[in-house]
Chemist: 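Provided herewith is a single structure, encoded as structure tokens, for subsequent inquiry.
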Amino acid sequence: MKSLMKLNPRDSVAVALRPIQAGEPLEVDGLKLESAQEIPQGHKIALTAIPPGEMVIKYGYPIGHAVSAIAPGDWVHTHNLRTNLDGEEEYEYQPDLHPISYPNRGLTFEGYRRANGKAGIRNDLYIVPTVGCVNGVAELILQEFKAVHPDLGPFDNVTILKHPYGCSQLGDDHRQTRSILLDAVHHPNAGGVLVFGLGCENNIVTEFRELLGDYDESRVKFLVAQEVGDEVEAGMALLEELYEAASLDKREPIPLSELNVGLKCGGSDGFSGITANPLLGAFSDFLISQGGSTILTEVPEMFGAERMLMARAESREVFESITSLINDFKQYFMSYGEPVYENPSPGNKAGGISTLEDKSLGCTQKAGTAPVVDVLQYGEKLRKKGLSLLQAPGNDLVASSALAAADCQLVLFTTGRGTPFGSFVPTVKIATNHDLYNKKKHWMDFNAGSLLDRPMQEVLEEFIAYLIQVASGQQTRNEQNDVRELAIFKTGVTL
């Protein structure tokens with residue numbers, strides 16, 4: 001195994017693929033040097049002299065500037081590197097579009113065809129509280145349902161989309177709560193939905209039902225606790241109706257072109273941008289070439305890499321939407337007196353990520369090279385085939401929930417430090433390194449650390465085959481662990 005990896009010919013730093021000892025002789029791309037200090041795995045080492053104020057280059061782009069003199073072999077991190085980022089910026093549309101080269105292979109997965117024509121990869125039963133007050137009662141209803149149907153019958157999972165909202169909310173916060181819950185009711189993975197309200201909340205069931213628009217009445221039922229005598233008994237009766245409606249549901253072959261996949265990362269490390277995120281980028285390009293769709297979110301982690309995404313806008317209209325997406329989120333931070341660059345997290349820094357540019361350039365690897373065809377606001381559903389960007393924060397569960405709400409049937413989540421969570425759709429956890437995958441096999445679904453030893457195309461083919469199995473019913477770790485959650489963005493301002 002190599003000791004160092006230089007990611008781009010223009011780079012002034014390389015990444016340590018293992019812990020480096022002080023004084024250790026090293027070589028990368030024909031360049032010989034000696035490490036000046038101990039350098040942790042995933043961290044950066046200087047390949048050339050970098051004077052104070054000069055840009056530090058990684059991925060072929062600046063990730064910040066040196067704040068003190070850096071010599072060849074020096075450890076480059078937060079002690080001698082600072083971000084270049086500040087507030088809002090002005091951008092010019094300079095398109096740089098490239099065709100995707102994967103041929104269409106006519107692949108399929110085994111999914112569920114819904115009455116509205118959409119395709120699901122799960123036949124899940126959702127209980128959707130309109131207000132947090134009924135979360136506990138929803139648990140009682142679910143317990144009784146599981147006691148009667150321990151094998152869940154036609155359903156793959158039964159999930160209560162718990163949240164603390166739905167009352168005493170105003171403006172955007174109220175609209176966002178309602179939008180995400182409406183999206184969940186319409187999700188193609190849902191084989192049955194019980195919408196469950198209290199009766200006196202802001203998000204009242206009668207208005208919620210009107211906002212749903214067209215829906216399959218055999219698959220969506222409504223319950224208001226204050227309007228019935230025994231709400232557990234009434235809820236159980238409605239779940240039995242949904243059980244009966246779903247009893248004949250069967251999987252059938254569905255083209256890969258109908259797969260929508262969310263792209264997310266969290267607990268990133270120095271390997272994220274060289275293993276797991278590029279793997280997602282290669283898969284994104286492959287899926288789009290097959291006619292499918294991917295969505296990239298966590299807008300703050302586009303800061304510093306946004307020009308790369310803007311250059312891939314398929315039209316000036318999309319470019320202007322990306323510009324608004326970026327600057328509106330920066331304005332959101334500044335409206336609270338927060339700097340736009342107060343990122344990465346302590347865990348990211350421990351893993352080798354020094355600045356937001358460093359993190360963002362690695363994060364955006366997940367989006368591959370395809371053109372950006374659309375920009376979605378928080379709570380909106382996918383509109384166009386191809387790569388879309390979605391307005392959501394960097395918070396793992398909030399962003400993953402937004403991807404699910406946008407009609408992604410599954411979310412791909414890369415991580416270098418590990419996380420046990422799962423959104424309310426299957427959430428595939430991809431480890432960036434061998435150590436994490438071997439240590440947390442009960443959390444992790446796929447090991448992208450193998451890219452350090454094997455070629456991308458070989459690993460990509462394994463990943464494609466694995467994801468088709470997941471889309472066809474193989475459970476992810478979060479499903480096996482019965483961890484499926486929902487989190488809703490609470491802004492307090494108009495975005």
Side-chain angles (χ1 to χ4, degrees), residues 7-8 10-11 15 57-64 83-85 89 91 94-98 100 261-288 293-314 318-319 321-323 325-327 329-330 340-341 343-344 348 351-376 386-394 396 399-400 402-403 411-416 430 432 448 451 456:
L7 304 180
N8 186 284
R10 297 193 295 270
D11 288 356
V15 177
I57 308 299
K58 182 182 176 186
Y59 302 108
Y61 292 89
I63 60 168
T83 181
N84 294 321
L85 297 179
E89 297 183 39
Y91 304 98
Q94 298 176 327
D96 183 19
L97 304 175
H98 302 279
I100 299 172
V261 175
L263 308 172
K264 178 71 178 79
C265 59
S268 300
D269 69 352
F271 287 162
S272 294
I274 61 179
T275 60
N277 289 350
L279 177 61
L280 261 61
F283 175 76
S284 176
D285 285 349
F286 170 78
L287 181 60
I288 290 169
S293 301
T294 59
I295 304 179
L296 180 70
T297 189
E298 55 189 338
V299 177
E301 292 171 23
M302 298 175 191
F303 297 166
E306 67 267 38
R307 283 183 169 82
M308 295 172 61
L309 295 170
M310 291 172 179
R312 290 162 52 189
E314 71 167 8
V318 173
F319 162 77
S321 295
I322 299 174
T323 300
L325 178 76
I326 297 297
N327 280 333
F329 227 105
K330 287 182 178 180
V340 301
Y341 51 81
N343 198 328
N348 295 151
I353 297 172
S354 309
T355 63
L356 184 50
E357 297 101 307
D358 192 359
K359 186 174 183 179
S360 296
L361 287 164
C363 285
T364 53
Q365 301 290 315
K366 300 192 301 290
T369 61
V372 179
V373 300
D374 200 8
V375 176
L376 306 173
L387 173 65
S388 296
L389 307 184
L390 170 65
Q391 181 200 68
D396 292 345
S400 296
L403 288 168
V411 171
L412 306 183
F413 188 95
T414 68
T415 179
I430 300 109
T432 69
L451 282 167
M456 170 63 80

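The structure displayed is predicted, hence computed values, not measured ones.
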Chemist: If the condition is side-chain hydrogen bond (donor to acceptor under 3.5 Å, both in side chains), which residues does N277 pass it with, not counting sequence neighbours?
Modeler: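 By the side-chain hydrogen bond (donor to acceptor under 3.5 Å, both in side chains) rule, N277 matches T414.
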Chemist: How long is the straight-line distance from CG of L309 back to OG of S360, given to the nearest 0.5 Å?
Modeler: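 If I round to the nearest 0.5 Å, the distance is 9.5 Å.
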Chemist: Walk me through whether E306 and I322 qualify under side-chain contact (heavy atoms from CB on, under 4.5 Å).
Modeler: CA-CA 8 Å; E306 67 267 38; I322 299 174; 5.5 Å; no
Chemist: Tell me, please, which residues at least two apart from N8 pass side-chain hydrogen bond (donor to acceptor under 3.5 Å, both in side chains).
Modeler: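 For N8, no residue satisfies side-chain hydrogen bond (donor to acceptor under 3.5 Å, both in side chains) once neighbours in sequence are set aside.
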Chemist: Could I get the full list of side-chain hydrogen bond (donor to acceptor under 3.5 Å, both in side chains) partners for T294, not counting sequence neighbours?
Modeler: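 Here the qualifying residues are S284.
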Chemist: If we ignore hydrogens and angles and just use 3.5 Å, is the side chain of R10 paired with the main-chain N or O of Y61 as donor and acceptor?
Modeler: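 No, because the side chain of R10 does not come within donor-acceptor range (under 3.5 Å) of the backbone of Y61.
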Chemist: Which residues pass the side chain to side chain contact (heavy atoms under 4.5 Å, CB included) test with S321, not counting sequence neighbours?
Modeler: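 For S321 the side chain to side chain contact (heavy atoms under 4.5 Å, CB included) partners, ignoring immediate neighbours, are V375.
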Chemist: Could you pull out all residues at least two apart from Y59 that satisfy ring-ring contact (aromatic ring centres under 6.0 Å, His included)?
Modeler: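 Expected list: none.
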Chemist: Restricting to side-chain hydrogen bond (donor to acceptor under 3.5 Å, both in side chains), what partner residues turn up for D11, sequence neighbours left out?
Modeler: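 D11 satisfies side-chain hydrogen bond (donor to acceptor under 3.5 Å, both in side chains) with no other residue.
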Chemist: Which atom names give the shortest non-hydrogen contact between G304 and L85, and what distance separates them?
Modeler: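 Answer, listing the atom of G304 first, then L85: CA-CD2, 3.9 Å.
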Chemist: I'd like to check the side chain to side chain contact (heavy atoms under 4.5 Å, CB included) partners of V373; sequence neighbours left out, ordered by chain and number.
Modeler: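 Checked V373 against side chain to side chain contact (heavy atoms under 4.5 Å, CB included); matches are E314, K384, S388.
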Chemist: Just to verify, what does D396 make a salt bridge (Lys or Arg N to Asp or Glu O under 4.0 Å) with, not counting sequence neighbours?
Modeler: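 K264.
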Chemist: What pairs of residues pass the salt bridge (Lys or Arg N to Asp or Glu O under 4.0 Å) test when at least one of them lies in residues 365-375, not counting sequence neighbours?
Modeler: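 Non-adjacent pairs meeting salt bridge (Lys or Arg N to Asp or Glu O under 4.0 Å): E298-K366, D374-R383.
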Chemist: Taking ring-ring contact (aromatic ring centres under 6.0 Å, His included) as the definition, give me every residue that meets it alongside F283, ordered by chain and number, with sequence neighbours left out.
Modeler: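 If we apply the ring-ring contact (aromatic ring centres under 6.0 Å, His included) test to F283, skipping adjacent residues, the hits are F463.
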Chemist: What pairs with T275 under side chain to side chain contact (heavy atoms under 4.5 Å, CB included), at least two apart in sequence or on another chain?
Modeler: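 Only F271, T432, A448, L451, L452 meet the side chain to side chain contact (heavy atoms under 4.5 Å, CB included) criterion with T275.
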Chemist: Residues in side chain to side chain contact (heavy atoms under 4.5 Å, CB included) with A311, at least two apart?
Modeler: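 Testing A311 for side chain to side chain contact (heavy atoms under 4.5 Å, CB included), a comparison that skips the adjacent residues, returns D96.
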